[in-house]
Amino acid sequence: MSENYDHQKVESKWQKFWVDQKTFKADDHSKKPKHYILDMYPYPSGAGLHVGHPLGYTATDIISRKKRMEGYEVLHPMGWDAFGLPAENYAIKTQVHPDKSTRGNIETFRKQIQSIGMSYDWDREVGSCFPDYYKWTQWFFRFLYKNDLAYKKKAPVNWCESCHTVLANEQVVDGACDRCDTPVALKMLNQWFFRVKDFIEDQPGVDGLLSGLDKIDWPNSTKIGQRNWIGRSEGVDIINLKVKDMDLSFEVYDSVPQTFMAQTFTVIAPEHPWVEEMVKGTEREKEVMDCVERIKKNKASGKFDIETDMEGVFTGRYVENYCGMGRDLPIWVASFVVMDYGTGIVNCSVHDDRDFAFAKKYDIPLHVVMLPPDAEEAEQVKNLEHCYHHAPEGIMQEPVQFKGRQWGEVRQDIIDYMIENDWATPAVNYKLRDWLISRQRYWGSPIPVVYDDQEQEYIIPEDELPVHLPTDVDFVPHGESPLAKSKKYHDKSDLKRIEDKLKASGDLAQDRTIVRRESDTMDTFVCSSWYMWRFMDPHNEKEFCSKALANHWGPIDLYVGGAEHTVLHLLYARFFCKVLKKYGYINYDEPFTKLRHQGMILGENQQKMSKSKGNVINPDLIVEEYGADTLRCYEMFMGPFHQMKPWSQSSVGGIRKWLDRVWRVLQKPESEEPLPKNVLSTLHQTIKMVGEHIDEFKFNTAVSQLMILTNELTPLESLPKAVKETYILIFAPFAPHLAEEAWQQLGHKDTITFEAWPKYDAQYLVQDTVTYAVQVNGKVRGELHTSKDTPKEEAISEAKKVEKVAQYLSEGTIKKEIFVPGKIIGFVVS
RNA sequence: GCCCAGGUGGCGGAAUUGGUAGACGCGCACGACUCAAAAUCGUGUAUCGCAAGAUGUGAGGGUUCGAUUCCCUCCCUGGGCACCA
């Protein structure tokens, strides 16, 4: 039958048309208002596209297509997050070079994405593993280095003794190597860091990573996730502390200063350099250092557990006359102290669970300064039977001038009191650490740094970029970065040329020699922190992106991707944006104005899709059997966009049946006969709702509204052409192939892409008659059909006559009448 | 432990200034068409009950004429963080 919809023929026809015509090319010089819609660029894995990718891509595609119809110049690009561990691990296993496997994977991904009819501007495709891209990743490193935002420092890395390799955090599973299960050790190496912490708080002209969150349209949970990750904490530094009989003075951070009088001992991190200094030559030296070693080893094992492995040792030293109270506090080494938070030294009290447990274990004296209001419980606390933790209703006992007040309200007054006495100053601390970007790995962007014969580092000149990733590299791990052994990478004449340039610029002393390059590569998150700017100006050979285009297209109006990037990628990209704003490259300090996450798609058995579980759905097969439009509409219809939801193959078939029905409806003969009133009303209702639901990311209900319209059009003998057109237009973002074909069938020559989005007419939305639910004492007892214009009094008196209602009303007297226009008439009877 | 998100038919889900719970789809059942099947079209489908009616949105309480929706207590599921003083 000619009526049948041949999805393979139609879809390949239009996909070719769009690519040939460059339909979705974004014009840098358009007069239309711009709209930049971005998907998180995918890692082109060997497994190919999985069914989760099209979920996010279809959503942004629908919005992109609607925005074009609404008259926007839409920038909607796609590229590849192409550096990373899987390609390298694959190379170790198979000896296939990552460059080769990655290029192949990219081909596959592009073909697959095109087969779903995504409206990307393919002229802007970028890949982070290509030299014309990573040249600018290196440029960013240089830029940060020049502005003192990149620095080198000794830091621990995850080390697998059995594989002789450094592991990325993602490769450490439950404290062990994910390949051989060997417990991961911590090894100290010189590593590069970016100063992310510098941008936590506001700077002149740049909102910080914290306050910037207030002005962007992001899911609240993501904002909260970032705030928690940054972990801002306000409190005091207790100052002027001195180690008795030593020339060491220090301060400790305290975020709960209310109970400072309770503090009876001090703990220091095992890694703290003072530990050795404090015990050197004393009788406790051996015991303390043995304990320190034990703790370090324990921590490095990756199996450290706070409950069972809490350990410590007395150093023999004291804090002298703590806060002028005449008390010396014993200083202990304790396993639970975090070295790089605050000063790595902490005061402890009875009013903290962990401190209490430690003191109990080692029999350290405690001092209670706050009691629960309940007398019996207070007695237990006094007897140190359990820890009385910070509680708002706790009654303060000390300092005496605060006796009787509640812990919950006394905080600021105690802080003021401590400051007046010169015991403390206000202080802020963060959990966030600077970003460690060094990776002892091959498949990443080289770090553009060289070293001289004295191991002094030099950033290489800009005209030496890119530093090419060499191919003569042995992937089998031997315990150092793969690049270290590459001859090509450390080519003598290259190094000499750089040396000459550095000497010419005065950066390198004449008597030094450049001997090697930095052989670590950059974390792939560095590549993905700036790719959104490359899409704005992808072929620029002079800059990562021209200032004009960065300000024209940016910031990104809509960004869509998985919630697993809540902290890392999204925080780093914000950091890059803020740096660019600070140094005048762009005029905005938040890269993503609006952000949405897609939910994970589970297998039919409600479990995460995985090869081993055999529940993986291959999108290619869906496209082949049912068509790209079916895949798109099905994924949108599955459920709320952000929610996790299981696949259902029979529902996919249902969507295909619906599209067939739509096609048949569009084949109905044309007529000038106007639509029946109720169908006309549904048509306009649908225009309204589909538009609104797309804007609100409620794609599932948008699809169901389109289905409702289909259901009402199905029984009609014929349709006016204008109705068909409207129907196709609101349908087009969801099922663009079918829409283009039907549009052409109606005699249109051009793509539907730039046709105007239909407007609804409010006069058709309102039905002439309304149905009131009539309630008696809150229960529905009948219905009243009446004109929408029936006045309140008349409607109520009509309602009283409704059969069942009259019966219930007769059982008492009416106390109250409720009238909600168009919806409810209610009576309260008693 | 802390922080998020969620809990509605056989299944996915719908319903927001509190106003007829279960839209739409899947599945299932029956019917039409057919020699037959597929496809298509139509009807029905929360639970108990012959019916009238009653019950029902994780559990229990509260506010209200009326609660999936607001408040309190608790349970369960998924995700994130986890020694940050």
Side-chain angles (χ1 to χ4, degrees), chain A residues 1 4 219-225 227-229 231-233 235 252-257 259 263 267 269 299 304-307 309-310 334-342 344-349 351-355 357-358 390 429-433 563-564 566-567 599-600 602 604 606 608 633-634 637-640 642-655 657-658 660-661 664 698 700-708 710-711 714-715 771-783 814-830:
Chain A
M1 277 201 314
N4 272 356
N220 208 26
S221 56
T222 306
K223 291 186 183 183
I224 289 170
R227 285 199 192 95
N228 290 345
W229 188 259
R232 187 181 200 274
S233 158
V252 301
Y253 178 67
D254 192 347
S255 71
V256 192
T259 49
Q263 293 171 347
V267 287
K299 280 189 177 178
F304 188 79
D305 182 85
I306 174 177
E307 300 282 321
D309 295 328
M310 178 185 272
S335 57
F336 60 79
V337 188
V338 177
M339 179 59 211
D340 51 358
Y341 188 81
I345 309 176
V346 189
N347 288 342
C348 297
S349 86
H351 296 299
D352 178 279
D353 286 320
R354 191 189 38 207
D355 298 350
F358 189 80
H390 322 126
N429 266 292
Y430 307 93
K431 288 188 194 176
L432 183 72
R433 304 291 135 84
E564 69 273 17
T566 293
V567 281
M600 194 193 299
L602 303 173
E604 291 215 66
Q606 298 269 2
K608 210 172 160 176
C633 291
Y634 171 64
F637 184 63
M638 287 175 86
H642 61 92
Q643 189 178 297
M644 197 184 280
K645 45 213 176 272
W647 187 266
S648 161
Q649 193 66 23
S650 57
S651 294
V652 176
I655 293 290
K657 280 190 215 166
W658 169 55
D660 282 335
R661 213 142 47 86
R664 285 197 299 275
K698 289 153 84 174
N700 55 332
T701 47
V703 172
S704 64
Q705 184 61 41
L706 285 168
M707 287 172 168
I708 290 170
T710 312
N711 291 347
T714 298
T771 304
Y772 281 94
V774 186
Q775 299 182 335
V776 181
N777 289 342
K779 287 197 191 286
V780 180
R781 297 301 182 184
E783 282 183 350
I814 297 174
K815 285 277 165 59
K816 192 175 170 185
E817 293 173 348
I818 295 136
F819 182 78
V820 182
K823 283 182 178 167
I824 294 283
I825 294 170
F827 301 100
V828 183
V829 173
S830 62

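Reminder, nothing fancy here: chain letters follow the sequence lines and each chain counts from 1. Any value given below was found using the heavy atoms of this structure, including those in side chains, with hydrogens, waters and symmetry copies removed.
- Using a 4.5 Å cut-off on side-chain heavy atoms (C-beta onward), A:Leu706 and A:Trp658 make contact.
- A close approach under 4.0 Å does not occur between any side-chain nitrogen or oxygen of A:Arg227 and OP1 or OP2 of B:C3.
- B:A54 atom P lies 5 Å from atom CZ of A:Arg781, rounded to whole Å.
- Taking atom C1' in both B:A32 and B:A39, one finds a spacing of 14 Å when rounded to whole Å.
- Between A:Tyr430 atom OH and B:A85 atom P the separation is 13 Å, expressed in whole Å.
- Using a 4.0 Å heavy-atom criterion, one finds that A:Gly654 contacts the sugar-phosphate atoms exclusively.
- Residue A:Ser349 places no side-chain N or O under 4.0 Å from the OP1 or OP2 atom of B:A85.
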What dot-bracket string describes RNA chain B from 5' to 3', counting Watson-Crick and G-U wobble pairs whose defining distances are under 3.5 Å, with [ ] for crossing pairs and | for pairs to another strand? (((((((..(((......[....)))((((((.......))))))(((....)))..(((((..]....))))))))))))....
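- By the ring pair (Phe, Tyr, Trp, His ring centres under 6.0 Å) test, A:Trp229 is found to be paired with no residue, residues two or more places apart in sequence or in another chain being considered.
- Among the heavy atoms of the strands lying under 4.0 Å from A:Val256 are primed sugar atoms or P, OP1, OP2 only; no base atom is included.
- When distances are taken from the side chain of A:Ile708 to each of B:U20, B:C24, B:C65, the shortest belongs to B:C24.
- When the P atom is used for both B:U45 and B:A51, the distance is 13 Å, rounded to whole Å.
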Using a cut-off of under 3.5 Å, enumerate the N/O to N/O pairs linking the protein to nucleotides 41-46 of chain B.
unit_1 : atom_1 : unit_2   : atom_2 : d
B:C41  : OP1    : A:Arg664 : NH2    : 3.3

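- Annotation: side-chain contact (heavy atoms from CB on, under 4.5 Å) contacts of A:Ile824 (sequence neighbours excluded): A:Ala773, A:Gln775, A:Val820.
- Under the salt bridge (charged side-chain N to carboxylate O under 4.0 Å, His left out) criterion, A:Lys698 pairs with A:Glu696, not counting sequence neighbours.
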Each nucleotide of nucleotides 7-16 of chain B classed B (base within 4.0 Å of a protein heavy atom), S (only sugar-phosphate) or -, in 5' to 3' order, makes -----BSSS-
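- Separation of the P atoms belonging to B:G58 and B:G10 is 14 Å when rounded to the nearest angstrom.
- Scanning for salt bridge (charged side-chain N to carboxylate O under 4.0 Å, His left out) contacts around A:Arg232 gives A:Glu201, A:Glu234, with sequence neighbours left out.
- Note on A:Lys823: only backbone sugar-phosphate atoms sit closer than 4.0 angstrom, heavy atoms only; bases stay farther off.
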Nucleic acid footprint by protein, nucleotides 27-32 of chain B - heavy-atom cut-off 4.0 Å, B for base, S for sugar-phosphate alone: S-----
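- Not counting sequence neighbours, the partners of A:Asp340 by the salt bridge (charged side-chain N to carboxylate O under 4.0 Å, His left out) test are A:Arg433.
- At least one side-chain heavy atom of A:Ile655 sits under 4.5 Å from a side-chain heavy atom of A:Met707.
- If you take atom P in B:U20 and the same atom in B:C11, they sit 24 Å apart, rounded to whole Å.
- Residue A:Asn777 is classed as a sugar-phosphate contact, given heavy-atom separations below 4.0 Å to backbone atoms only.
- Applying the 4.0 Å criterion to OP1 and OP2 of B:C84, one finds that A:Tyr253 has every side-chain N and O outside that range.
- Nucleic acid contact for A:Lys815: none, since no nucleic acid atom lies under 4.0 Å from a heavy atom of the residue.
- Nucleic acid contact for A:Val267: none, since no nucleic acid atom lies under 4.0 Å from a heavy atom of the residue.
- Within the nucleic acid shown, A:Ile224 comes within 4.0 Å of sugar-phosphate atoms alone, with no base atom in reach, counting heavy atoms only.
- For the C1' atom pair drawn from B:G44 and B:G9, the interatomic distance equals 15 Å after rounding to whole Å.
- Partners of A:Tyr253 by ring pair (Phe, Tyr, Trp, His ring centres under 6.0 Å), not counting sequence neighbours: none found.
- Applying the ring pair (Phe, Tyr, Trp, His ring centres under 6.0 Å) test to A:Tyr634 and every residue at least two apart in sequence or in another chain returns A:Trp647.
- Listed by chain and residue number, nothing satisfies the salt bridge (charged side-chain N to carboxylate O under 4.0 Å, His left out) test with A:Glu564 (two or more places apart in sequence, or in another chain).
- Phosphate contact (OP1/OP2 of B:A85, side-chain N/O of A:Ser255, threshold under 4.0 Å): present.
- Note on A:Val820: a base of the nucleic acid sits closer than 4.0 angstrom, heavy atoms only.
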